[in-house]
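What follows is one structure encoded as structure tokens, with my remarks underneath.
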Amino acid sequence: MRKVSMLFFLLCIAGISKVSGQQSAIYTHSLSDYDKAVSLYKDKQYQSAQILFEKAKQNHTNQDVQADCAYYIANCAIHLNQNNADELMEKFVADYPTSSKQNQAYIEVAQYYFEQGKFPQALQYFDKVDENALTAEDTEKFAFQKGYAYFTAGNKKEATAYFNKVVNSKDYGSQAKYYLGFMAYEGDNYQEANKYFQQVEGEEKYQEKLSYFKADMHFKSGEFQKAIDAGLTAMPNSNASEKSELNKIIGESYFNLKQYDKALPYLKEYKGKKGKWNNTDFYQLGYAYYMQKDYENAITQFNKIIDGKDFVAQNGYYHLGECYFKTDKKQQALNAFKSASEMDFDKKIQEDANLNYAKLSYEIGNSYQSVPDVLSSFLAKYPNSPSKNEIETLLINSYITSKNYKDALALLEKNKSAENRSAYQKVTFYRGIELYTDGNYQEALSMFKKSIATPVNEKFTARAVFWKGETEYGLDNFNDALLSFKQFAGYASAKETPEYKNINYNIAYAYFKQKEYEQAGNYFQSFIDANKEDRIRLNDAYLRLGDSRFVTAKYWPAMDAYNKAIEMKGIDADYAAFQKALSYGFVGRNEKKIEDFNKFLQNFKTSKYRDDALFELANTYVADNKADMAVKTYDQLLSEFKDGSFASKAILRQGLVYYNAQKDEQAIAKFKKVAAEYPKTPEALEAVSTARLIYMDNGKVDEYASWVKTLDFVEVSDADLDNDTYEAAEKQYLQNNTKQAISSLSGYVSKFPNGIHALKANFYLAQSYYSDGLENNAVPNYEYVISKPRNEFTEQSLARLCEIHLKKDNYTKAVPVLKRLEAEADFPQNVTFAQANLMRAYYDQKDYPNAVVYADKVLANPKTDNKIKSDAQIIVARSAIKANDEGKARAAYAKLLTIAKGELAAEALYYDAYFKNKDGKYEDSNKTVQKLAKDYSGYKYFGAKGLIVMAKNYFQLKDNFSATSILDSVIKNFASYTDVVEEAQTELNFIKGEAAKTNSSIEK
């Protein structure tokens, strides 16, 4: 209409213009192009129209025509989505500010964008329109469209103002009321929303949407049945997103009406906000399953509640705990009740969760806190609980079942009530066993004495007395140990204890250590008569029985015992064979002695007693006047054991054989060899003395004098003073007058540093210092002894030096001495001692390959006790872990499990769980961690690491709640173990990151 008027107005202007005929023709021609362009524009042929408008604009000089052309050119650009359309329109407005089409331009562009659904662009142009210039008809359309544009932009205030302008409009009133109602609904103003919705609910096009809104408004108003009815009505005609929300409304309404069976199918169909559920969503579905006793499905939902810190989470964790408990998943139940007990949104739930947490801790163990602490905390927090008596009973029993004796003892020491006496007796006993196992004998002894002093249960009293004896034996208090063992045997209930079967064996050893060999032998025999199953102890008992009879000169019974040991083909069969052969000499059967020693040399080519056997055999040949065989055997000894402890003795004996055979030159050669190669030894002194006789007999005194002057250990002029001084000092030593011995022997060593008795004096002085606790003072004297050629004191000095260096953890000095001891020791126990400590020393120095070499040696020795074997296995295992040799670590930890106790057992269990996790055996791994928590809760470090493995297992088993709650607890409860906390935090961040993909309540 307005376009026609404008054209008429332009034509009128053209008709009254005073121009020439030529100009009229041109103008008419230009208007013809313009008219064609307008016609094309009306036919929506915007590209052609735009070309003609541009041509008309160029060919016409009339400003109004140019303005109209510019307007249409820009409008065509808008319709053609040309990139410069906005610029053209803005240029039109700028170039023709007085054009009557300016306001219309803004309106048409705005409406075009509006119709295209480009509401932000439309709003830009709506804002430029002069609303006062609009007709009444245009005003309603303008107000509605601008209101809707504001609505889409989220500007509800402006949208409301414009919708209210057309609320009574015939054309736009219904739509305005709908959107006004919708905005009120979104603002939770349901009364206002209902007012508008009721005015349009009769119109079919709004009915579907209004059903959805009604359902939601009824739900939010607490009218749950109405919400269900409205939701069911809206469901068939709703889109996927709306159906998801309606399922939530209907399901939660049924849930609130406690109709959980009806709630389930709808809650399950909810898709979440942007594809994610929150903790409340998981809780409601889980609780609905819970109320149907479908505990497995309830668990699946409840354990997705992570990072919850509100009433919903507390409820969820509590009911998760119940579900786990009802499905016999007690470790998971403990974690869930723990989480619920740490929240106070519902005090009743908190108390009940605490009670369940305490009871489960008692039943299955607790890695976070000692069980007594958990139970005591409950009693302190709920002193008036109806379950008080039950928890108090569990508290007492937990001291035993939790095996956390250290912490339990600390609590019992503070509460020595009559009711706790039984528990105190047991706890001190078991704590003593732990300390004994760890080699802490003094503290163990104290524990056993405390247990004995609380004689509530005779069986435990008897056992404590037995272990008191074992501890005293370990402290070398053999007489006290003997008294304890006999006291144990006197208890009526002793026979019911596991210790009783070995009591005669223990008594025998206590006598044996005190050199009461007759009694020792009798008790070894009693043990042998009653025990045939324990082959290791039986074999050892035969050996010690043989030794006891041997020492008491009962050689035939001794040989019988040694024969039994040989027949068993067990440990130390070579020793038994050696002792048996030796015994024949004492019963005058030298021919049998020679025969058995030759058999020994044939059968035991690598025996530690081979050099002893050769020496004894040679000596026997001497006694039987078989000089040639004797010399030959001494030569064999020197060939096989050039640097052995018998080398100096063998050469001396050869010299004596030659001397007795009056082969003086050969004898002198041997004596000079002893003096030259083994100076200052007793053999050297005897060699010089015997050589002196030969020289004297042959009248070669000057030759003897010349030779002896070359020997720095023989000071002929001072010999008497040397002997007198030494004998006085030695007397003090032999009478155990330690202080006087130290004074006298140090005086001798100072006065005669190269004296006749320098070797013995240095050794005895070192021993005196050691027994007086002056170990540092003893070191130079022991070093003097070991610096000399191999002698009778070398092995003991090496062993003592090792002990001194090891006590100070001075591995740099200890290692070379230990290596000498390993190479030179005649006693197997010293070899074992050296190898075990070399193993520890190399491990401490991070020399893992050598540590493993010596650990393997220790493990290969059948005589190694379980404590040292445990140390060896742990070093093999730890070294393998350091070297990333998982196969060897697995094998070592598996073996360690069979013999370890205390902390080493806890470490072995941790790695057992660790490797099972790596193998995907998550349930089995968790069982191992539970055993670690229950049986070794005192070892917190490995308990904490075990919990991390358990969390990893639960994550793999799709139990995110248990995984995250465990890791949270590790971080809170084990701050002192920084490496454990860092590992737990890393794992927790990973699990939460994964869970956050489906749970909007989780903070990443």
Side-chain angles (χ1 to χ4, degrees), residues 296 299-300 303 324 327-335 364-365 367-368 848 852 855-856 859 869-870 872-901 903-937 939-967 969-970 974 977 979-995:
E296 291 294 348
I299 288 169
T300 300
N303 72 28
Y324 278 136
T327 53
D328 201 34
K329 297 175 180 176
K330 293 179 180 177
Q331 179 62 50
Q332 296 96 312
L334 181 140
N335 294 326
I364 67 170
S367 293
Y368 312 118
Y848 302 120
V852 171
D856 288 340
L859 292 169
K869 280 185 178 179
S870 294
Q873 289 289 8
I874 202 66
I875 282 174
V876 172
R878 289 174 181 172
S879 298
I881 289 289
K882 299 277 188 185
N884 293 318
D885 187 346
E886 189 172 294
K888 189 158 191 172
R890 282 174 181 257
Y893 277 119
K895 289 176 183 175
L896 183 65
L897 261 182
T898 65
I899 56 175
K901 294 181 180 179
E903 187 170 7
L904 292 184
E907 183 174 348
L909 275 172
Y910 162 72
Y911 276 103
D912 185 45
Y914 171 83
F915 289 126
K916 284 174 179 172
N917 168 271
K918 292 199 77 173
D919 293 340
K921 298 175 181 177
Y922 305 120
E923 295 285 3
D924 289 342
S925 177
N926 275 345
K927 288 176 183 176
T928 302
V929 177
Q930 287 167 2
K931 179 175 175 60
L932 174 60
K934 185 170 176 61
D935 294 348
Y936 298 94
S937 60
Y939 303 101
K940 298 293 185 184
Y941 179 75
F942 288 108
K945 287 179 72 67
L947 286 170
I948 295 177
V949 173
M950 179 176 273
K952 292 179 178 180
N953 291 332
Y954 282 132
F955 176 69
Q956 294 296 333
L957 294 168
K958 311 300 182 187
D959 187 345
N960 287 345
F961 162 76
S962 292
T964 56
S965 66
I966 288 170
L967 293 169
S969 293
V970 169
F974 300 101
Y977 303 127
D979 59 323
V980 174
V981 171
E982 286 175 9
E983 185 182 358
Q985 189 65 62
T986 300
E987 192 65 24
L988 181 62
N989 293 342
F990 170 74
I991 293 174
K992 283 188 176 181
E994 292 298 301

T300/K958 under side chain to side chain contact (heavy atoms under 4.5 Å, CB included): CA gap, chis, key distance, verdict:
CA-CA 8 Å; T300 300; K958 311 300 182 187; over 6 Å; no
Which heavy-atom pair separates [X] from [Y] by the least distance, and what is that distance?
X	Y	value
A913	V949	O-CG1, 3.7 Å
N335	S965	CB-OG, 3.7 Å
L932	G946	CD2-CA, 4.3 Å
A906	Y939	CB-CB, 3.9 Å
F974	Y368	CZ-CA, 4.0 Å
V852	V876	CG2-CA, 4.4 Å

Can you find a side-chain donor-acceptor pair between N926 and Q930 that sits under 3.5 Å?
no
Y893 and E907 side chains, donor-acceptor separation under 3.5 Å
yes
Using 4.0 Å as the upper bound for N to carboxylate O, is an ion pair formed by E886 and R890?
yes
Might you confirm whether atom OH of Y914 has over 12 heavy atoms from other residues, nucleotides or ligands at distances under 6.0 Å?
no
Could you give the distance from [atom1] ([X]) to [atom2] ([Y]), rounded to the nearest 0.5 Å?
X	Y	atom1	atom2	answer
I948	L988	CD1	CG	10.5 Å
T327	E296	OG1	CD	5.0 Å
Y324	D959	OH	CG	2.5 Å
I875	D856	CD1	CG	11.0 Å
E994	N960	CD	CG	9.0 Å
L947	E983	CG	CD	11.5 Å

Heavy-atom distance under 4.5 Å between the side chains of [X] and [Y], does that happen here?
X	Y	value
D979	Y941	yes
F990	K952	no
Y848	R878	no

Result of checking K992, Q985, E987 against N989 for side chain to side chain donor-acceptor pair (under 3.5 Å):
Q985
Ignoring hydrogens and geometry, is there a side-chain-to-backbone donor-acceptor pair from T928 to D924 under 3.5 Å?
yes
Give the intermediate values and the outcome of side chain to side chain contact (heavy atoms under 4.5 Å, CB included) for residues L896 and Y911.
CA-CA 11 Å; L896 183 65; Y911 276 103; over 6 Å; no
